[in-house]
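Heavy-atom basis, side chains included; hydrogens, waters and symmetry copies ignored. Since the structure is predicted, the reported quantities are computational estimates derived from the model, not experimental observations.
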Amino acid sequence: MKILVACEESQAVTIELRKLGHEAYSCDIEPCSGGHPEWHIQQDVIPILKEKWDMIVAFPPCTYLTNAGARHLWKNHQLNLERYQKGLEAKEFFMMFYNADCERIGVENPTPSRIYELPEKTQVIQPYQFGHPYTKRTQLWLKGLPNLIPTNEVEPERTQCPSGSYSHKHGEKHRGMFTTDRAKNRSKTFPGIAKAKAMAEQWAGKAK
Ligand SMILES: C[S@@+](CC[C@H](N)C(=O)[O-])C[C@H]1O[C@@H](n2cnc3c(N)ncnc32)[C@H](O)[C@@H]1O
């Protein structure tokens, strides 16, 4: 299949899809960090959404949409209109993927603030269901794709919050995965979720 993985600089899902034989492309305004510039379209994703894709997987920015970000929305019981406007723009961007003209669509984001009235999610997943001992509540909005089935349930040891705060049950010893360039690293897809056993294999399968 010809697959667009939108807003993905890590190429985590793209690489797994390529391993399965698909013609997958990551697209991000940032250069790719996954080591395969030949599969990376570095530009604004909006114009290429109009192309014919068999499947679109999207990881749109969540900064202004999440519950965590929403705490900045209200100051002294007054709505921060500038912040609210940015949230509305983020919603519009999100909806471009959700409403794309494509048979198979998967959009990923943390829990959004209710004020933005995003469509109802299809599924909630956690990294600890896919072999990573972290909690990070992640929602999926799916069209023409099945819910992901957990591949490797492990005991969660630590929280990775979209707001950037960390909750360590076990202190410093579990630090390390996201200690540098934190905002960017926090938003990267967990390899176990991207991997052959999850998004790539369960949604795309082996190319025919
Ligand atoms: C929440 S991060 C997702 C990261 C992704 N999970 C990964 O593993 O690379 C959102 C990404 O959207 C990208 N982005 C924002 N606006 C974009 C646009 N108009 N076109 C393409 N990419 C965009 C950002 O550069 C950022 O890398």
Side-chain angles (χ1 to χ4, degrees), residues 1-49 51 53-66 68-69 86 90 93-94 96-97 100 105-110 125-141 148 151-152 158-166 174-204 207:
M1 286 196 280
K2 192 177 167 204
I3 304 176
L4 173 65
V5 188
C7 301
E8 187 187 60
E9 61 74 26
S10 72
Q11 301 189 298
V13 177
T14 304
I15 290 168
E16 295 302 329
L17 288 165
R18 286 273 171 177
K19 283 185 197 164
L20 291 167
H22 295 285
E23 188 190 346
Y25 299 93
S26 53
C27 172
D28 202 293
I29 44 178
E30 298 285 338
C32 61
S33 63
H36 288 282
E38 71 279 19
W39 303 335
H40 191 61
I41 305 167
Q42 190 186 340
Q43 64 159 74
D44 181 2
V45 70
I46 296 172
I48 62 170
L49 271 180
E51 289 176 23
W53 300 99
D54 298 307
M55 180 168 142
I56 296 173
V57 181
F59 300 94
C62 59
T63 312
Y64 297 105
L65 285 178
T66 56
K86 286 187 171 161
F93 190 60
F94 176 104
M96 272 194 276
F97 301 109
I105 299 172
V107 189
E108 187 251 42
N109 243 212
I125 56 168
Q126 290 278 1
Y128 63 75
Q129 298 175 302
F130 299 88
H132 301 281
Y134 302 93
T135 56
K136 182 190 178 191
R137 194 178 191 278
T138 301
Q139 297 195 173
L140 298 174
W141 287 258
L148 286 184
T151 52
N152 179 15
R158 182 175 139 190
T159 299
Q160 195 209 347
C161 305
S163 63
S165 58
Y166 286 72
H174 292 291
R175 262 191 176 280
M177 190 168 173
F178 298 99
T179 47
T180 56
D181 201 359
R182 289 172 87 191
K184 199 167 182 178
N185 284 340
R186 268 199 320 271
S187 73
K188 282 188 201 289
T189 307
F190 279 89
I193 295 177
K195 238 187 129 178
K197 296 230 157 59
M199 287 182 173
E201 192 171 272
Q202 294 183 28
W203 285 351

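- When side chains are defined from C-beta on, Ile3 does not count as touching Val13, because their heavy atoms never get closer than 4.5 Å.
- In terms of heavy atoms, Met55 sits closest to Trp203 at CE-CB, 3.5 Å.
- Expressed to the nearest 0.5 Å, how far CG of Leu20 lies from CD1 of Ile15 amounts to 12.5 Å.
- Remark: Trp39 engages His36 in a ring pair (Phe, Tyr, Trp, His ring centres under 6.0 Å) (not counting sequence neighbours).
- Side chain of His40 to backbone of Ser33: no donor-acceptor contact under 3.5 angstrom is found.
- With sequence neighbours left out, the side chain to side chain contact (heavy atoms under 4.5 Å, CB included) criterion links Thr138 to Glu108, Ile125, Lys136.
- Partners of Tyr64 by ring pair (Phe, Tyr, Trp, His ring centres under 6.0 Å), not counting sequence neighbours: none found.
- Taking CG from Asp28 and CD from Gln11, the interatomic distance works out to 9.5 Å, rounded to the nearest 0.5 Å.
- Looking at Glu16 and Met199, their side chains never come closer than 4.5 Å, going by heavy atoms from C-beta outward.
- Here CG of Asn152 is found 10.0 Å from CZ of Phe130. Values are rounded to the nearest 0.5 Å.
- Under the rule for a ring pair (Phe, Tyr, Trp, His ring centres under 6.0 Å), Phe59 has no partner lying at least two apart in sequence or in another chain.
- A pairwise comparison of heavy atoms in Thr151 and Ala198 identifies CG2-N, 4.3 Å as the closest pair.
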Worksheet entry | Ile105 vs Trp141, side-chain contact (heavy atoms from CB on, under 4.5 Å): CA-CA, chis, key distance, verdict | CA-CA 8 Å; Ile105 299 172; Trp141 287 258; over 6 Å; no
Practice prompt. Go through the steps to decide whether Leu148 and Gln129 satisfy the test side-chain contact (heavy atoms from CB on, under 4.5 Å), and finish with yes or no.
Written response: CA-CA 10 Å; Leu148 286 184; Gln129 298 175 302; over 6 Å; no
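- For the residue pair Pro60 and Cys7, the shortest heavy atom distance occurs at CA-SG, 4.0 Å.
- When the side chain to side chain contact (heavy atoms under 4.5 Å, CB included) test is applied to Glu51, the partners found at least two apart in sequence or on another chain are Lys2, Ile48, Trp53.
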Fill in: Verdict with supporting geometry, Val45 and Phe93, side-chain contact (heavy atoms from CB on, under 4.5 Å)
CA-CA 10 Å; Val45 70; Phe93 190 60; 3.8 Å; yes
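- Gln42 CD to Ile29 CD1: the interatomic distance, rounded to the nearest 0.5 Å, is 9.0 Å.
- Taking Tyr25 as the reference, Glu23 meet the side-chain hydrogen bond (donor to acceptor under 3.5 Å, both in side chains) condition, with sequence neighbours excluded.
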